[in-house]
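Ligands are counted one by one from 1 in listed order, and the atoms in each one are counted from 1 as well. Everything numeric in this text was worked out from a predicted model, so none of it was measured.
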Amino acid sequence: MTFPKISQSYTDPHCYPQGIAFQDGQYLMMKDAKISVLDWGFLHSDATYDTVHVWDGAFFRLNLHLDRFFAGLEKLHMTIPFDRVEVAEILTNCVALSGHQNAYVEMICTRGGSPSFSRDPREATNRFTAFAVPYGSVANSDQMERGLRVAISDVVRIPPNSVDPSIKNYHWLDLVRGLYDAFDKGAETALILDTNGNIAEGPGFNVFTVSNGVLRTPELGVLPGITRRTVFDLCDKLDIEVSVGNVSPELLKGADEVFITSTAGGIMPVSTVDDIQFGNGAPGPITTQIKSLYWDMHKHREWTTAVVYPENG
Ligand code: PLP
């Protein structure tokens with residue numbers, strides 16, 4: 001009987017976006033950042049993370065992302081050997097070393113593992129990883145211009161009393177099922193339901209309706225998005241009314257405008273939901289105004305943290 005050989009010089013056949021990661025005290029090329037297949041983060045989705053973006057060489061609302069990440073760690077009984085200032089420095093270094101002026105930046109903590117493969121999460125050594133890769137958006141440039149085609153899926157978002165949605169997490173099987181549902185219906189992305197049959201959120205984004213100049217966004221079973229929060233801040237400044245509460249599929253379909261929000265894309269217009277078209281199908285005036293003000297905020301020091309890049313790139 002012959003056995004396969006154990007590889008001594010493994011070459012990873014997969015492709016990675018160009019970027020820099022941080023793991024175990026070292027800065028690495030993206031392709032060299034690895035996680036053990038025995039890490040609970042991989043085996044059980046036992047992880048929390050946050051995504052912040054860098055636009056024109058500056059982080060946007062970094063403090064809010066750090067707040068959410070550190071709150072998630074605490075709720076999950078996880079610890080990392082870095083404080084907020086040190087995490088901010090690590091993220092900045094990842095971006096600076098990557099050279100990306102527009103970047104998608106993640107900080108992640110996985111439960112980790114233990115040498116005995118213990119079933120007790122308290123025996124695991126938590127693992128912190130960070131990385132910076134080129135900026136990515138939920139909507140591509142064509143969808144940004146004409147609005148996304150969205151389908152409402154019957155899939156129910158994991159209940160908030162099972163997985164606390166305020167802890168940013170990788171429990172995405174409901175969202176991915178919703179996406180495939182949407183593809184089957186000829187749509188480009190999905191909105192899935194809360195446990196009461198109202199709209200919750202989509203794969204990586206929150207949603208807003210605009211009806212008679214008033215905004216509304218779902219309350220139950222959603223991640224309190226930082227882009228969503230930024231819309232609240234803008235509405236406050238603009239004196240536009242915004243409420244948080246149930247958004248039924250009927251309310252959504254009867255809206256004048258609909259848009260979705262994410263760090264990956266900002267404010268993104270929706271043109272149709274289940275083949276119901278909003279207005280003349282083009283992004284509506286309030287969506288357009290909020291989108292433009294959102295990107296204006298990226299130019300102000302009040303909301304941004306500049307990255308200093310190595311001089312010789
Ligand atoms: N909802 C979910 C499930 C998400 O994963 C995300 C972002 O990744 C959002 C909403 C939007 O949150 P934010 O605006 O903070 O990016």
Side-chain angles (χ1 to χ4, degrees), residues 41 45 47-55 59-72 76 91 102-109 130-133 135-139 144 148 150 152-153 155-160 162-179 182 189-195 198-209 215-235 242 244 247 258-270 287 290-291 293-295 297-298 303-304:
S45 279
T48 187
Y49 75 112
D50 216 285
T51 305
V52 53
H53 71 224
V54 165
W55 194 254
F59 285 98
F60 185 61
R61 309 201 85 173
L62 178 58
N63 275 329
L64 292 183
H65 289 278
L66 291 170
D67 287 346
R68 190 169 63 182
F69 179 61
F70 276 90
L76 292 178
L91 299 177
N102 299 327
Y104 178 100
V105 186
E106 275 200 29
M107 59 205 101
I108 305 164
C109 184
F131 66 80
V133 291
Y135 180 76
S137 168
V138 173
M144 251 349 206
L148 283 146
V150 176
I152 300 175
S153 164
V155 174
V156 174
R157 187 78 174 112
I158 192 164
S162 298
V163 172
D164 177 353
S166 72
I167 306 170
K168 198 164 154 69
N169 63 72
Y170 294 121
H171 289 264
W172 267 51
L173 293 189
D174 46 6
L175 294 167
V176 173
R177 239 182 91 199
L179 256 186
T189 192
L191 281 166
I192 68 172
L193 304 174
D194 70 18
T195 41
N198 295 306
I199 303 294
E201 59 184 347
F205 55 81
N206 296 114
V207 64
F208 282 81
T209 60
L215 272 62
R216 193 166 176 84
T217 191
E219 180 170 30
L220 186 70
V222 302
L223 174 76
I226 287 163
T227 323
R228 176 180 180 262
R229 153 88 186 263
T230 305
V231 172
F232 298 159
D233 294 339
L234 282 170
C235 284
V242 54
V244 179
V247 174
V258 172
F259 62 86
I260 60 169
T261 61
S262 173
T263 294
I267 315 297
M268 296 166 276
V270 169
T287 305
I290 290 178
K291 179 179 162 205
L293 293 172
Y294 171 82
W295 288 107
M297 285 172 82
H298 288 67
W303 316 105
T304 56

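- Aromatic ring orientation, His298 versus Trp55: perpendicular (interplanar angle above 60°, classes split at 30° and 60°).
- At a 3.5 angstrom cut-off on N or O pairs, Arg157 does not count as close to ligand 1.
- Distance from atom 1 (N) of ligand 1 to its nearest protein heavy atom, with residue and atom name: Glu201 OE1, 2.7 Å.
- Applying the side chain to side chain donor-acceptor pair (under 3.5 Å) rule to Asp174 yields the partners Arg157; only residues at least two apart in sequence or on another chain are considered.
- Phe208 and Phe259 have parallel rings, their planes meeting at less than 30° on a 0 to 90° scale where 60° marks the start of perpendicular.
- For Tyr170, no heavy-atom contact with ligand 1 is shorter than 4.0 Å.
- For the pair Gly178 and Ile192, the tightest heavy-atom approach, listed with the atom from each and the gap, is CA-CG2, 3.9 Å.
- Between Asn206 and ligand 1 there is a heavy-atom distance shorter than 4.0 Å.
- Considering backbone and side-chain N/O of Arg68, one or more are found under 3.5 Å from N/O of ligand 1.
- Given atom 12 (O) of ligand 1, the protein heavy atom at minimum distance is Gly225 CA, 3.4 Å.
- Here the heavy atom of the protein found nearest to atom 4 (C) of ligand 1 is Gly204 CA, 3.4 Å.
- Residue contacts with ligand 1: Ile226 is placed with a nitrogen or oxygen under 3.5 Å of a nitrogen or oxygen of the ligand (distance criterion only).
- Heavy atoms of Arg229 come nearer than 4.0 angstrom to ligand 1 in no pair at all.
- Note that CD1 of Ile226 is 4.0 Å distant from NE2 of His65, once rounded to the nearest 0.5 Å.
- With sequence neighbours excluded, the residues forming a side chain to side chain donor-acceptor pair (under 3.5 Å) with Arg68 are Asp50, listed by chain and number.
- The aromatic rings of His53 and Phe60 sit parallel, their planes meeting at an angle under 30°, below the 60° perpendicular limit.
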Practice item. Could you walk me through whether Thr51 and Val105 pass the side chain to side chain contact (heavy atoms under 4.5 Å, CB included) test, one step at a time? Key: CA-CA 6 Å; Thr51 305; Val105 186; over 6 Å; no
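- Polar contact check, Thr263 against ligand 1: a nitrogen or oxygen pair lies under 3.5 Å apart.
- Checking Asp194, Val207, Asn198 one by one against Pro218, the side-chain contact (heavy atoms from CB on, under 4.5 Å) holds for a single residue, Val207.
- Among protein heavy atoms, the minimum distance from atom 8 (O) of ligand 1 is reached at Lys168 NZ, 2.5 Å.
- Atom numbering of ligand 1 starts at 1 in the shown order; those under 4.0 Å from a heavy atom of Trp172 are 5 (O).
- Considering backbone and side-chain N/O of Thr227, one or more are found under 3.5 Å from N/O of ligand 1.
- Between Thr261 and ligand 1, not a single N/O pair is under 3.5 Å apart.
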